[in-house]
Amino acid sequence: MIYFVLKFLHIIGASVLLGTGVGIALLVAHRSGNAMAVAAVARIVVIADFVFTTTAVIVQPITGISLAWNVGYSLWERWIVWSIVLYLVTGAFWLPVVWMQMEMRNIATEAAANGKPLPARYHRLFWTWFYFGFPAFAAVLAIIWLMITRPV
């Protein structure tokens with residue numbers, strides 16, 4: 001029974017990481033060019049990242065290591081090592097993204113409060129945030145592939 005609970009939590013965590021990695025809401029708000037809309041959506045995205053993504057980031061290694069131990073896999077199996085490396089790559093892109101989202105939220109909030117358009121700094125942060133999403137998202141996809149196929 002514990003195996004299935006761990007597996008369920010691990011799959012939910014992977015789904016959360018994959019889903020929050022898409023960033024569609026902030027992209028749509030950005031395309032509107034409306035500082036008030038960007039500020040409102042960015043506020044929710046920052047909260048969601050802290051509540052859901054941070055929880056998944058913590059749960060994934062715990063459930064992954066527990067599953068490996070429960071099934072009898074060595075943590076040195078090639079697919080597990082690659083999963084861990086890719087997880088660290090994802091984190092290396094995710095941590096700056098969290099900061100960028102908070103900055104974009106603050107900039108958009110200030111622009112909206114002053115009735116001004118989104119400044120150049122916001123746009124630079126947005127495009128950096130946008131491009132940081134690709135390697136992180138690809139790494140999560142690769143991890144899911146490794147979890148499913150467990151190549152030797």
Side-chain angles (χ1 to χ4, degrees), residues 2-68 75 79-150:
I2 189 73
Y3 169 79
F4 292 108
V5 170
L6 289 169
K7 191 172 185 178
F8 175 77
L9 292 173
H10 199 66
I11 290 169
I12 294 300
S15 300
V16 167
L17 290 177
L18 190 64
T20 57
V22 175
I24 295 298
L26 196 51
L27 177 62
V28 171
H30 169 80
R31 292 196 56 189
S32 76
N34 180 321
M36 193 174 297
V38 170
V41 170
R43 189 171 22 261
I44 293 165
V45 167
V46 167
I47 292 168
D49 236 7
F50 275 105
V51 172
F52 298 110
T53 309
T54 303
T55 302
V57 164
I58 293 166
V59 167
Q60 283 308 101
I62 294 168
T63 57
I65 290 168
S66 299
L67 278 167
L75 293 180
W79 70 272
I80 293 176
V81 170
W82 273 111
S83 294
I84 293 168
V85 168
L86 289 167
Y87 184 79
L88 294 172
V89 167
T90 301
F93 282 95
W94 176 68
L95 286 172
V97 159
V98 171
W99 174 81
M100 286 180 233
Q101 288 172 170
M102 291 188 296
E103 284 296 303
M104 289 188 293
R105 175 201 60 200
N106 296 344
I107 292 167
T109 300
E110 186 177 328
N114 296 323
K116 294 187 176 185
L118 295 165
R121 181 164 184 267
Y122 163 84
H123 291 285
R124 282 191 304 276
L125 279 170
F126 174 83
W127 288 109
T128 305
W129 170 86
F130 180 80
Y131 289 118
F132 266 46
F134 286 99
F137 190 73
V140 172
L141 286 176
I143 293 167
I144 291 171
W145 181 82
L146 288 167
M147 286 187 327
I148 292 169
T149 63
R150 294 185 301 263

Please report the interatomic distance [atom1]([X]) to [atom2]([Y]), rounded to the nearest 0.5 Å.
X      : Y      : atom1 : atom2 : result
Trp79  : Ile84  : CH2   : CD1   : 9.5 Å
Thr55  : Asp49  : OG1   : CG    : 10.5 Å
Leu125 : Leu118 : CG    : CG    : 11.0 Å
Thr54  : Trp94  : OG1   : CH2   : 3.5 Å
Arg43  : Thr109 : CZ    : OG1   : 5.0 Å
Phe4   : Leu9   : CZ    : CG    : 13.5 Å

Aromatic centroids of Phe126 and Trp129 separated by under 6.0 Å:
yes
Quiz item: Crowded around Trp82 CH2? As in, over 12 foreign heavy atoms under 6.0 Å?
Solution: no
Of all heavy-atom pairs between [X] and [Y], which one has the smallest distance, and what is that distance?
X      : Y      : result
Ile144 : Leu18  : CD1-CD2, 4.0 Å
Ala56  : Tyr87  : O-OH, 4.5 Å
Thr90  : Ala136 : OG1-O, 3.7 Å
Val140 : Ala14  : CG1-O, 4.4 Å
Ala111 : Ala35  : CB-CB, 3.9 Å
Ala37  : Ser32  : CB-OG, 3.9 Å

Heavy-atom distance under 4.5 Å between the side chains of Phe130 and Leu26, does that happen here?
no
Within the structure provided, determine whether Met102 and Phe50 are in side-chain contact (heavy-atom separation under 4.5 Å). yes
Residue set satisfying ring pair (Phe, Tyr, Trp, His ring centres under 6.0 Å) with Trp145, at least two apart, ordered chain then number -> none
Applying ring pair (Phe, Tyr, Trp, His ring centres under 6.0 Å) to Tyr122 and not counting sequence neighbours gives His30
The complete set of salt bridge (charged side-chain N to carboxylate O under 4.0 Å, His left out) pairs with one or both residues in residues 79-108, sequence neighbours excluded, reads Glu103-Arg121
Only residue of Ile148, Leu17, Leu86 satisfying side-chain contact (heavy atoms from CB on, under 4.5 Å) with Ile143 is Leu86
